[in-house]
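We name chains A, B, ... by the order of the sequence lines, and we start the count at 1 in each one.
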Amino acid sequence: MSSAAESAPSWHGIIRQALKDHDVRLVTYVPDNVLRPLIDGCHADPFFTTFAAAREEEAIGIVAGATMAGMRGIVLMQTSGFATLPNVLASLVVASQIPVLMIVSERGTLGEFNPGQAIVCRTMRPILDSMGIEHHTMSRLDEAAFIAGRTMRQAFATRWPACLILSPLLTGGRK
Amino acid sequence: MEDRRNTQVMNRAALTRRVVGKLTKQEAVIGGIGNSNWDLWAAGHRAENFYMLGSMGLAAPIAMGVAIAQPERRVFALEGDGSLLMVRFRQPIVGVLLHPIGVLLMTAIQWRSWWLHITVGYPSTFCLATR
């Protein structure tokens, strides 16, 4: 990564720094185009152990195991991938109070063409709310460092999962 | 089975007790959903056990996470065959990923109806599939 790219603030650079600041070293993800710069940046940085999982729930299981064993981690996914998670969040992560972090790139809003994605998107926040999982939607670059950093700090301090939702307002969304 | 006189039916609970009895180095053991868990508990509780409830299929991914975080510790996952089927692409992922860490051996043993070995070939984590 060039120094010019490092110096220009970007949502993915800010999130990567927040992960480092909170010693979150394990990054698992299900590939997504919007998340690509964050995923690529983590792959390129030897601070992180970064790899793709076949399914989101598998990624949650891996991060849950690592977190219990002392290595903090995060799962990156898209909205529809998050929608596959309620059972494992409720029965593993919340039930055992494991501070698993999640980042969801939000689809289904602000110009979505696919009605299925639009409906799935409406289920995401109610699912998180129903389990008491702290979530914040990041929509502005100037707030990104504060929201990401504070959300991670609280997740580990209170030993509770947390989710950051990346609005298309922040990422530009799907082209 | 009946026509193979040199075979015998293994008992899952007895096998779990045997595996747990061999653990001497604070190995982590992740019990999969249902009977894998009950057998693990019945074999004698250990502080290094995690009894996974509810999230069927995730015992091996959890074990993989533990192995990534603590590569020096041996990690075992006890899984049922149905659980293994739920996360179908786990073995290739485990194989690719844990190769540099060098901690994972997955061997699935199934009995009563047939035998099945899924061996990835890394020397530390042992995934026991039982039914």
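- Other residues, nucleotides and ligands contribute at most 12 non-hydrogen atoms within 6.0 Å of the CZ atom of A/Phe146.
- Among B/Ile62, B/Ile68, B/Val66, the single residue meeting the side chain to side chain contact (heavy atoms under 4.5 Å, CB included) criterion with A/Ile62 is B/Ile68.
- We find the CE-CD distance between A/Met71 and B/Gln70 to be 11.0 Å, quoted to the nearest 0.5 Å.
- For the atom pair A/Leu92 CG and B/Met56 CE, the distance stands at 14.5 Å (nearest 0.5 Å).
- Cluster membership for A/Leu164 and A/Leu89, using ILVMFWY side-chain heavy atoms within less than 4.5 angstrom, is not shared.
- For CZ of B/Arg46, the number of neighbouring non-hydrogen atoms (other residues, nucleotides, ligands) closer than 6.0 Å is greater than 12.
- In terms of hydrophobic clustering, with Ile, Leu, Val, Met, Phe, Trp and Tyr side chains grouped at heavy-atom distances under 4.5 Å, A/Val63 and B/Leu53 are assigned to different clusters.
- Checked by atom type and distance alone, the side chain of B/Ser55 never pairs as donor or acceptor with a backbone atom of A/Ser91 at under 3.5 Å.
- For chain B, the nearby parts of A/Val88 are the backbone and the side chain; heavy atoms of each come within less than 4.5 Å.
- If you measure heavy-atom distances from A/Ser96 to chain B, the contacts under 4.5 Å come from the side chain alone.
- Screening residues 154-163 of chain A for side-chain hydrogen bond (donor to acceptor under 3.5 Å, both in side chains), with sequence neighbours left out, gives no hits.
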